[in-house]
Amino acid sequence: MEWFARAMFEPKAAPRSELELLARARALAGVSLGELALQFGVSVPESQLRAKGWVGQLLERALGATAGSRAKPDFEGLGIELKTLPVDARGKPKESTFVCTIALTEIGEVEWEHSRVRRKLARVLWVPVEAEASLPFAGRRFGEPLLWSPDSEEEAELRFDWEELAGRIGMGELERITGHFGKHLQVRPKAAHSRVRRRGIDEDGAYVEAPPRGFYLRPSFTLRLLRKYYAAPARA
DNA sequence: CGCTGATCATAG
DNA sequence: CTATGATCAGCG
């Protein structure tokens, strides 16, 4: 029985190439969360209320992601980040996509080229997941994956937003930034709860305690990625 | 019903 | 406590 347990319940070995990773992801298209969970011997939560990252973590195991909770690309050797994308019946993203947290005391010193946002988004494997409220959680299926890097237009758009937001934070205006800023990239809280504080910098350059923030991609941005893909599939 | 601000689980 | 994985829930 041991061979069986290993074959069924162990995380997959890390993929050795983009093509191998993509092939694995494509093989999951149409597979439901319940089916995949069964292969790994885990039970499907009743809802995501207390299991918000469950789908992403299940997929990490199935695809052989290596980073765990370390600040590394999910597929270290390949430099690829994995993102699940909850979509409605029409394929439209239902949520924003978390990109990375913001080092409040450093972001004012960094150029876009070396930013965490740019590095994170340099190569992303997007995997759509059905997320209609009417669908039982276990029955929701994975969609066709998209291995993406920003084209020059997308990068310019992200850079524009990042430079405004990073610039403001660097100027000590963090407290005045809301989720309203940024056309594609926005800044929102990222914490266990609203009482969490992190060291930041105020307008005078002094250290202050501030709620942790993260960069997020708006659903309109990820929708456009999927649209491009569906319009011109069959490219890796 | 979209969007922003708040929140939840788990690993190291 | 900080990093990862995200979605929840209420207001406009």
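No hydrogens, no waters, no symmetry mates; every other heavy atom, side chains included, goes into these values. Naming: A, B, ... by sequence-line order, numbering from 1 per chain.
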By nearest-nucleotide position on DNA chain C, the 5'-leaning member of A:R198 and A:A131 is A:R198
In this structure, CZ of A:F142 is separated from OG of A:S32 (nearest 0.5 Å) by 8.5 Å
Worksheet entry | Reported CZ-to-CG distance for the pair A:R16 and A:L21, which is rounded to 0.5 angstrom |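 Going from CZ on A:R16 over to CG on A:L21, the span is 12.5 Å.
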In chain order, what residues pass the side chain to side chain contact (heavy atoms under 4.5 Å, CB included) check against [X], with sequence neighbours excluded?
{"X": "A:P45", "value": "A:A51, A:W54, A:F137"}
{"X": "A:I201", "value": "A:T105, A:Y207"}
{"X": "A:S17", "value": "A:L19, A:E20"}

Query raised in the report: Would A:V31 end up clustered with A:F40 when hydrophobic side chains under 4.5 Å apart are linked, directly or stepwise?
Result: yes
Under a 4.0 Å heavy-atom criterion, the protein footprint on nucleotides 6-12 of chain B, written with B, S and -, is BBBS-BS
Under 4.0 Å from a heavy atom of chain A: give me the 5'-most and 3'-most nucleotides of DNA chain C that qualify.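 Counting from the 5' end, contacts occupy C:dT2 to C:dA9.
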What pairs of residues pass the salt bridge (Lys or Arg N to Asp or Glu O under 4.0 Å) test when at least one of them lies in [range], not counting sequence neighbours?
{"range": "residues 133-146 of chain A", "value": "A:E130-A:R141"}
{"range": "residues 90-110 of chain A", "value": "none"}
{"range": "residues 145-155 of chain A", "value": "A:R118-A:E155, A:D151-A:K228, A:E154-A:K228"}

Derivation of the salt bridge (charged side-chain N to carboxylate O under 4.0 Å, His left out) call for A:R197 and A:E209 | CA-CA 5 Å; A:R197 289 297 181 275; A:E209 298 300 310; over 6 Å; no
### Main-chain N/O of A:F98 paired to A:K83 side chain as donor or acceptor, under 3.5 Å
yes
The correct set of residues in residues 71-78 of chain A placing a heavy atom under 4.0 Å from DNA chain C is A:A71, A:D74
Residues of residues 81-97 of chain A with a heavy atom under 4.0 Å from any atom of DNA chain C, listed by number, are A:E81, A:K83, A:T84, A:P86, A:E95, A:S96
> So does A:Q186 get a side-chain nitrogen or oxygen closer than 4.0 Å to the phosphate oxygens (OP1/OP2) of B:dT4?
Replying inline: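 Checking B:dT4 against A:Q186, a side-chain N or O does come within under 4.0 Å of OP1 or OP2.
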Side-chain H-bond candidate by donor/acceptor type, A:R218 with A:T97, under 3.5 Å: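 Not at all, the side chains of A:R218 and A:T97 share no donor-acceptor pair under 3.5 Å.
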A:E81 with A:R123: basic N within carboxylate O range, under 4.0 Å: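 The answer is no: the pair does not qualify as a salt bridge.
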> Do we get A:K183 above A:F160's six-membered ring, with its NZ or CZ under 6.0 Å from the centre and within 45° of the axis?
Replying inline: no
*With sequence neighbours excluded, what pairs up with A:R159 under the salt bridge (charged side-chain N to carboxylate O under 4.0 Å, His left out) test?*
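Once residues adjacent in sequence are excluded, the partners of A:R159 under the salt bridge (charged side-chain N to carboxylate O under 4.0 Å, His left out) criterion are A:E113, A:E163.
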In short, the helix from B:dC1-C:dG12 to B:dG12-C:dC1 is bent end to end, axes from five pairs each side, to 10°, by 20°
